[in-house]
Amino acid sequence: PMVIGGERIETGNTAAMVMPCDHGHSLGSYHQAGAAEATRAIDAATAAKHDRERSEEHTSEHQSRVNLVCSLLLEKKKETHTYLLYLPPF
């Protein structure tokens, strides 16, 4: 079967899968796609691209926040470290 958008599809229109170097040796069979399957595949790929772009935008926003938090923590650590270095003796 072919897989389009995560769904297994069997068209019933099968063909033999043969070895490229020995066309007499059959490896199995596969379902051939038609215009309807091609259209479904294009639609599924377009939807997946849109979802991936949204995910990348979310990841980018999240990464920016994480970078800001890390920068603030690093700055605080430097301040604390500097203070501890110059702590007067008791």
When the side chains of residues 39-47 are checked against the rest of the protein, which donor-acceptor pairs come out under 3.5 Å, sequence neighbours left out?
| from | atom 1 | to | atom 2 | distance (Å) |
| --- | --- | --- | --- | --- |
| Thr39 | OG1 | Ala35 | O | 3.0 |
| Arg40 | NH2 | Glu7 | OE1 | 2.8 |
| Thr46 | OG1 | Ile42 | O | 2.8 |

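- Put simply, the side chain of His31 gets close to the backbone of Thr11: a donor and an acceptor are under 3.5 Å apart.
- Closest heavy-atom contact between Glu37 and Ile4: O-CD1, 3.5 Å.
- For the atom pair Met2 CE and Glu10 CD, the distance stands at 9.0 Å (nearest 0.5 Å).
- Across all their heavy atoms, Ala15 and Gln32 have their closest contact at CB-NE2, 3.3 Å.
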